[in-house]
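For reference, positions follow the sequence shown, starting with 1.
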Amino acid sequence: MSLLVIGSVAFDALETPFGKTDKIIGGAATYISLAASYSTKPVNLVAVVGGDFPQSDILTLEEHGVNVEGLQIKPDEKSFFWSGKYNKDLNSRETITTELNVLGSFDPIIPDAYQDCKYLMLGNLAPQVQRLVVQRLVNRPKLIVLDTMNFWMDSAPDELLATIEMVDVLSINDEEARQLSGEYSLVKAARKILALGPKFLIIKKGEHGALLFHKNKVFYAPALPLEEVFDPTGAGDTFAGGFIGHIAATDDCSFENLKRAVIHGSAMASFCVEKFGTERLLKLTQEEIEAREAQFEELVKVQPASVVA
């Protein structure tokens with residue numbers, strides 16, 4: 001089923017306790033698209049880059065089933081660039097450089113070929129840009145997923161609330177859920193956020209897994225304990241890509257299938273953190289993905305008491 005992804009395609013420069021990189025391909029839409037491509041093809045991309053963005057990286061996206069017809073290239077401008085340094089626990093980081101460049105004036109143009117979009121993933125961008133995408137689609141998609149962050153809660157709260165009201169699924173982390181709702185309890189926070197419009201809410205808890213809320217239902221997916229975590233950059237976007245990719249592939253928006261999508265997204269995110277940037281996502285096999293999902297299922301499997309006895 002047709003999947004449309006909007007977000008940033010960019011450069012990152014990363015430093016963790018395990019090493020550092022020069023400029024490498026990054027951006028929310030990059031991680032989302034690559035993760036989703038293992039479930040459904042093509043992934044229709046809308047994003048913008050500058051003339052400094054290598055053709056080889058665009059070709060890499062195409063080789064993974066990403067349709068780049070909606071990727072704007074501005075030859076005389078520079079691509080979005082972010083650099084950061086992670087602390088020893090990898091849970092906190094320091095932003096060293098943020099250069100918006102082409103992203104500062106991004107006007108999302110939806111190609112005619114993308115207008116049959118059935119599933120829409122709005123990666124982290126200014127809320128007014130996310131809303132423009134929805135408004136420019138001739139028909140409303142079957143499911144719209146929105147990812148955002150605390151920066152927009154601080155700088156554009158009214159715009160963000162207006163955008164949240166338009167979507168079906170909101171994906172944020174636990175800190176952002178508390179800020180958006182004003183509640184410390186995530187259950188209370190979820191109730192308030194769902195009242196803003198979304199049918200479903202995903203609260204990501206990093207190394208502690210993810211929660212899915214719908215009406216009075218709650219599902220918890222643990223994180224897989226990993227021996228080595230090299231770089232958490234893009235893990236949340238990879239989760240989102242795996243999540244929406246599974247839903248687009250199965251064409252099923254039921255709560256039960258969204259639970260399975262959370263497990264698939266968690267599995268994809270667990271691969272992402274094993275190498276720097278997108279490196280691990282570029283070389284996965286379906287066998288690896290299925291084996292990783294099975295590991296997640298084992299974490300939550302409980303035998304009935306009668307079987308144990």
Side-chain angles (χ1 to χ4, degrees), residues 3-12 25-36 43-50 53 61 66-74 77-84 95 97-111 114 117 119-137 140-141 143-173 176 179-180 196-198 202 204 233-241 243-245 278:
L3 170 61
L4 173 58
V5 172
I6 177 172
S8 57
V9 174
F11 289 125
D12 291 337
I25 185 173
T30 303
Y31 286 98
I32 292 168
S33 298
L34 289 173
V43 177
N44 294 327
L45 173 68
V46 169
V48 61
V49 294
F53 200 80
L61 290 172
V66 180
N67 183 352
V68 297
E69 183 182 347
L71 179 63
Q72 301 173 31
I73 302 174
K74 298 191 174 182
E77 299 183 50
K78 291 185 177 181
S79 303
F80 175 67
F81 172 62
W82 177 84
S83 67
T95 293
T97 304
T98 300
E99 298 174 5
L100 285 178
N101 297 325
V102 292
L103 205 58
S105 58
F106 179 37
D107 182 20
I109 306 301
I110 314 298
Y114 290 7
C117 163
Y119 293 94
L120 173 60
M121 178 70 227
L122 298 168
N124 178 40
L125 283 173
Q128 58 268 35
V129 175
Q130 294 172 320
R131 195 163 66 255
L132 262 180
V133 174
V134 179
Q135 293 167 342
R136 287 176 175 176
L137 290 171
R140 191 190 191 280
L143 192 81
I144 302 175
V145 182
L146 169 69
D147 189 272
T148 191
M149 64 182 298
N150 52 4
F151 175 81
W152 305 114
M153 296 175 195
D154 292 331
S155 62
D158 294 338
E159 292 278 2
L160 179 59
L161 289 174
T163 306
I164 288 174
E165 190 176 352
M166 301 173 70
V167 308
D168 302 295
V169 184
L170 176 63
S171 177
I172 51 179
N173 67 30
E176 291 156 353
Q179 179 175 344
L180 183 60
L196 298 176
I202 296 168
K204 299 168 289 188
T233 307
D237 296 315
T238 302
F239 169 90
F243 176 84
I244 193 64
T278 60

Using 0.5 Å steps for rounding, measure from the [atom1] atom of [X] to the [atom2] atom of [Y].
| X | Y | atom1 | atom2 | result |
| --- | --- | --- | --- | --- |
| Leu143 | Leu3 | CG | CG | 10.5 Å |
| Gln135 | Met166 | CD | CE | 5.0 Å |
| Ile202 | Phe239 | CD1 | CZ | 4.5 Å |
| Leu103 | Glu77 | CG | CD | 11.0 Å |
| Leu122 | Ser171 | CG | OG | 11.5 Å |
| Asp237 | Ser8 | CG | OG | 7.0 Å |

Show the nearest heavy-atom pair for residues [X] and [Y], with the distance to one decimal.
| X | Y | result |
| --- | --- | --- |
| Met121 | Leu146 | CE-C, 4.4 Å |
| Phe106 | Gln72 | CE1-NE2, 3.6 Å |
| Thr238 | Ala35 | O-CB, 3.4 Å |
| Pro111 | Gly70 | CG-CA, 3.7 Å |
| Ile244 | Tyr119 | CD1-CB, 4.2 Å |
| Pro127 | Thr163 | O-OG1, 3.1 Å |

Start with the C-alpha gap between Thr98 and Phe80, add the side-chain angles, then the distance that decides, and say whether side chain to side chain contact (heavy atoms under 4.5 Å, CB included) holds. CA-CA 8 Å; Thr98 300; Phe80 175 67; 3.9 Å; yes
Does Thr97 reach the main-chain N or O of Ser83 with its side chain, forming a donor-acceptor pair under 3.5 Å?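 Side chain of Thr97 to backbone of Ser83: no pair is present.
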Using modelled atom types only, decide if a donor and an acceptor are shared between the side chain of Tyr114 and the backbone of Asn44 within a distance under 3.5 Å.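 No, because the side chain of Tyr114 does not come within donor-acceptor range (under 3.5 Å) of the backbone of Asn44.
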What residues, two or more places apart in sequence or in another chain, satisfy side-chain hydrogen bond (donor to acceptor under 3.5 Å, both in side chains) together with Ser79?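 So Ser79 forms a side-chain hydrogen bond (donor to acceptor under 3.5 Å, both in side chains) with Asp52.
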Could you work out, with side-chain hydrogen bond (donor to acceptor under 3.5 Å, both in side chains) as the rule, every residue matching Thr95, not counting sequence neighbours?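 Thr95: side-chain hydrogen bond (donor to acceptor under 3.5 Å, both in side chains) contacts with Trp82.
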Answer yes or no: are there more than 12 heavy-atom neighbours, outside Lys74 itself, under 6.0 Å from its atom NZ?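 Yes.
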In this structure, which one of Leu61, Val5, Val9 forms a side chain to side chain contact (heavy atoms under 4.5 Å, CB included) with Val66?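 The single option meeting the side chain to side chain contact (heavy atoms under 4.5 Å, CB included) with Val66 is Leu61.
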Does [X] have any side-chain contact (heavy atoms from CB on, under 4.5 Å) partners at least two apart in sequence or in another chain, and if so, which?
| X | value |
| --- | --- |
| Leu137 | Leu4, Ile110, Gln115, Cys117, Leu120, Pro141 |
| Glu176 | Met149, Asn150, Met153, Ile172, Asn173 |
| Arg140 | Ile144, Asp168 |
| Pro157 | none |

Please output the side-chain donor-acceptor pairs of residues 26-33 that fall under 3.5 Å, not counting sequence neighbours, one pair per line with the distance.
unit_1	atom_1	unit_2	atom_2	d
Thr30	OG1	Gly26	O	2.8
Ser33	OG	Ala29	O	2.7

Salt bridge (Lys or Arg N to Asp or Glu O under 4.0 Å) contacts in which one or both residues fall within residues 147-165, not counting sequence neighbours: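 Checked against salt bridge (Lys or Arg N to Asp or Glu O under 4.0 Å) - neighbours excluded - the pairs reaching residues 147-165 are Arg131-Glu159, Asp147-Lys204.
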Taking side chain as C-beta onward, heavy atoms only, is Val169 less than 4.5 Å from Phe243?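 Yes. Closest side-chain heavy atoms under 4.5 Å.
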Before you tell me yes or no, could you show the steps for Leu170 and Leu196 under side chain to side chain contact (heavy atoms under 4.5 Å, CB included), namely the whole-Å CA-CA distance, both residues' side-chain angles and the distance that decides it to 0.1 Å? CA-CA 10 Å; Leu170 176 63; Leu196 298 176; over 6 Å; no
Holding to salt bridge (charged side-chain N to carboxylate O under 4.0 Å, His left out), I want the full list of residues that pass it with Asp12, two or more places apart in sequence or in another chain.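 For Asp12 there are no salt bridge (charged side-chain N to carboxylate O under 4.0 Å, His left out) partners, ignoring immediate neighbours.
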Ring pair (Phe, Tyr, Trp, His ring centres under 6.0 Å) partners of Phe11, counting only residues at least two apart: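 With sequence neighbours excluded, Phe11 shows a ring pair (Phe, Tyr, Trp, His ring centres under 6.0 Å) to Phe53, given in chain and number order.
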